[in-house]
Amino acid sequence: MITLALSLILLSACSAIELNPDAQTVRVTKIEPGKECRYLGDVTGSQGDFFTGEFTSNEDLETGARHDLKNKAYALGGNLVYLLTDRAGQSSSFDPEYGGSSAQTNVTLSGNVYYCSELT
């Protein structure tokens, strides 16, 4: 029973965070918006951790972090995120027989949320 529960947790951890269908219209950009946009707040989106990250593909870590960021921006009433930072974390392990290895275990994105009237 414990093995089944652990397997279900690992399987669910291996997929990207779901995007709220209403948050699909939120744009993420590295270009600072103009005066037509109103600042609403800061958000951080992330996916993965030291335990589940190794079992999640890099693509799902990045997609999940982006979805998390967009979901949070939408919850603030925003339609644009000006991306400030994007980081990928790695964990390392050392096996004396095979040497060291590292794997991407998480992705974190941070940005400023805006509502831009020209995007709607």
Is it possible for you to say whether [X] and [Y] belong to one hydrophobic cluster, with membership spreading through side-chain heavy-atom contacts below 4.5 Å?
X	Y	value
Ile17	Leu76	no
Val113	Tyr115	yes
Val107	Val28	yes

Quiz item: Does Tyr82 offer a backbone N or O that forms a donor-acceptor pair with the side chain of Asn112 under 3.5 Å?
Solution: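 Checking the backbone N and O of Tyr82 against the side chain of Asn112, no donor-acceptor pair under 3.5 Å is found.
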Q) Counting N and O atoms only, with roles assigned by atom type, does the side chain of Gln47 sit under 3.5 Å from a partner on the main chain of Ser15, one being a donor and the other an acceptor? A)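 Such a contact is found between Gln47 side chain and Ser15 backbone.
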Starting at [atom1] of [X], measure out to [atom2] of [Y] and round the result to the nearest 0.5 Å.
X	Y	atom1	atom2	value
Asp86	Ser110	CG	OG	9.0 Å
Leu83	Thr29	CG	OG1	8.5 Å
Cys116	Leu80	SG	CG	4.5 Å

State, yes or no, whether a side-chain contact exists between Leu19 and Gln24 at a heavy-atom distance under 4.5 Å.
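A side-chain contact exists here, since the closest heavy-atom pair is under 4.5 Å.
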_Any heavy-atom pair between the side chains of Leu109 and Thr44 that's under 4.5 Å?_
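Heavy-atom side-chain distance check fails, nothing below 4.5 Å.
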Identify the heavy atoms of Gly78 and Val26 that sit nearest to each other, and give their distance.
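Gly78 and Val26 have their closest heavy atoms at O-CG2, 3.7 Å.
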Nearest heavy-atom pair of Gly111 and Val81: which atoms, and what distance?
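It is CA-CG1, 4.0 Å.
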**Item:** Residue pairs involving residues 64-75 (criterion side-chain hydrogen bond (donor to acceptor under 3.5 Å, both in side chains); sequence neighbours excluded)
**Value:**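 Passing the test, one end in residues 64-75: Asp68-Lys72.
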Counterpart residues, side chain to side chain donor-acceptor pair (under 3.5 Å), relative to Asp22 (two or more places apart):
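Partners of Asp22 under the side chain to side chain donor-acceptor pair (under 3.5 Å) test: none.
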Scan the side chains in residues 30-43 for donor-acceptor partners under 3.5 Å anywhere in the protein, sequence neighbours excluded, and list what turns up.
residue : atom : partner : partner atom : Å
Tyr39   : OH   : Asp42   : OD1          : 2.8

